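Have a look at the structure below, then the notes.
Not measured: the values here are computed from a predicted model. Below, read A as the first sequence line, B as the second, and so on, with proteins coming before strands; counting in each chain starts at 1.
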There are 2 protein chains.
Amino acid sequence: MPKLDLSALIAEAGGRHRTATEFVEATLRTAILTGRLRGGTPLRQEDLAASFGVSRMPIREALRQLEAQALLDFVPHKGAVVTDISATDAADIYAIRLALEPAVLERSIPHLTRADFERAGDLIAEMDGEEDPGRMGELNRRFHMTLYGAAGRPKLIALTENYLASFDRYLRFQLAAKGRSHLSQDEHRDMLAAAEHRDARRAVEILRHHIGAAADNIAAFFAGQE
Amino acid sequence: MPKLDLSALIAEAGGRHRTATEFVEATLRTAILTGRLRGGTPLRQEDLAASFGVSRMPIREALRQLEAQALLDFVPHKGAVVTDISATDAADIYAIRLALEPAVLERSIPHLTRADFERAGDLIAEMDGEEDPGRMGELNRRFHMTLYGAAGRPKLIALTENYLASFDRYLRFQLAAKGRSHLSQDEHRDMLAAAEHRDARRAVEILRHHIGAAADNIAAFFAGQE
DNA sequence: CAATTGTCTATTGGATCCAATTATGCCACG
DNA sequence: CGTGGCATAATTGGATCCAATAGACAATTG
């Protein structure tokens with residue numbers, strides 16, 4: 001009997017993957033990033049295999065990949081434990097975002113198109129009416145990535161997206177703590193406006209503040225919970 | 001009969017690893033990063049298993065981790081091929097370094113100690129007399145990391161080191177093309193001096209130029225080779 | 001009654017085995 | 001002589017099996 005209930009995740013992930021390993025890896029990653037798997041949770045290969053209906057082999061390969069992405073640690077005879085989120089880690093990820101995102105945005109702004117601006121605007125509008133924190137994080141991520149997408153540096157963009165997603169893990173706690181969050185929609189609007197005017201300097205300035213505010217919220221959350 | 005000769009690598013890597021998987025992963029990564037395994041080389045699981053004297057299982061897990069680090073791609077029925085280095089990739093990694101390293105250096109400078117400065121100075125001196133490109137890259141990396149080490153953000157530092165190492169792959173070609181390289185030793189000295197005076201602004205400025213110069217060299221190399 | 005030790009079980013790391021898929025090479029035929 | 005199709009071999013993805021190790025729990029002894 002599996003102790004983990006991933007059936008919902010497995011069902012919604014659908015079958016759009018070449019190999020079982022890829023499927024397992026994608027499903028587990030979203031499970032961790034969306035907070036459905038909490039930090040510290042030990043993942044037993046046997047249980048996962050039962051949940052996914054495959055043998056332990058693809059599970060092991062998927063876990064290795066997630067380990068390489070620093071989403072979990074291998075502890076001998078204890079299982080792969082989901083890396084815990086801590087105040088220092090949050091500060092770390094914040095520092096990384098602060099280093100990457102302004103650089104990406106600056107490169108991207110000159111090449112953004114009318115269509116990009118419209119998509120970004122639509123996403124802001126969608127966030128206005130959103131209540132679900134999980135969906136909110138998703139929309140927020142897509143908004144940011146839309147503005148970064150024209151930077152023309154695929155690896156840089158992929159790296160940025162990766163840490164943006166990691167940040168979502170922390171953000172989720174913040175959202176849960178504050179009830180509904182507005183995620184600084186004003187700043188989203190200002191940033192988009194600056195981008196439309198091709199004012200990279202101002203857009204970057206807003207973005208820095210935006211990221212900083214999110215980090216402060218998380219820090220406050222950690223400070224208040226202990 | 002294995003078609004790949006990794007015996008030298010395997011011997012020098014020594015046995016300081018907990019599991020076979022970790023050993024294989026570490027050995028293959030240095031083989032790729034040091035250029036001993038060229039881009040485009042297909043890695044057959046069977047051959048690797050024979051070379052390492054283990055079964056295909058730890059090989060597969062190690063390959064998965066390397067795939068997650070973007071060092072190779074899985075191609076069905078062809079093997080895991082070492083990701084090729086290209087001009088656009090080099091530009092990508094350069095952009096990432098340019099985003100990360102100034103941020104790390106700025107954070108680190110206030111906390112560097114006398115001992116750090118001495119180690120950095122020793123490394124510069126060692127580079128002066130070094131002829132071997134491989135060893136040169138190693139020293140260069142350690143010099144940079146010494147200056148970054150006090151930033152107090154482990155994840156940020158690890159990420160930076162990772163891309164610094166990736167850059168070495170490209171640098172190696174540059175060194176090979178130019179014969180002996182000086183790797184801008186003057187800039188190394190200036191950067192260290194600025195750090196000792198806790199002049200973060202100036203140190204960052206030199207670093208930006210330093211990274212940019214390396215990128216230009218690589219770009220020129222790619223432009224000249226086609 | 002507590003501490004220590006020994007055994008037993010849970011869990012992972014590694015090996016071998018099987019199936020599916022695709023690249024390759026050969027042969028026939030135009 | 002070139003081309004296309006078929007058969008075979010090579011290679012990976014996945015399953016099952018075995019071994020080693022650490023942790024838990026109980027029994028025994030001081």
Only distances under 3.5 Å count here; give the side-chain donor-acceptor pairs of residues 61-77 of chain B to other protein atoms, sequence neighbours excluded, each with its distance to 0.1 Å.
| residue | atom | partner | partner atom | Å |
| --- | --- | --- | --- | --- |
| B/Glu61 | OE1 | A/Arg64 | NE | 2.8 |
| B/Glu61 | OE2 | A/Arg60 | NE | 3.4 |
| B/Glu61 | OE2 | A/Arg60 | NH2 | 2.8 |
| B/Arg64 | NE | A/Glu61 | OE1 | 2.7 |
| B/Arg64 | NH1 | B/Glu67 | OE1 | 3.4 |
| B/Gln65 | NE2 | A/Glu67 | OE1 | 2.6 |
| B/Glu67 | OE1 | A/Gln65 | NE2 | 2.7 |
| B/Gln69 | OE1 | B/Arg29 | NH1 | 3.0 |
| B/Gln69 | NE2 | B/Glu25 | OE2 | 3.1 |

Is the backbone N or O of B/Phe23 less than 3.5 Å from a side-chain atom of B/Thr27, with the two atoms forming a donor-acceptor pair by type?
yes
For B/Asp116, does its backbone N or O pair with a side-chain atom of B/Thr146 as donor and acceptor, under 3.5 Å?
no
Salt bridge present between A/Arg141 and A/Glu138 (N-O < 4.0 angstrom)
yes
What does nucleotides 12-17 of chain C look like as a protein-contact string, B for base, S for sugar-phosphate only, - for none, at under 4.0 angstrom between heavy atoms?
BBBBB-
Can you say whether the rings of B/Phe143 and B/His188 are parallel (under 30°), tilted (30 to 60°) or perpendicular (over 60°)?
tilted
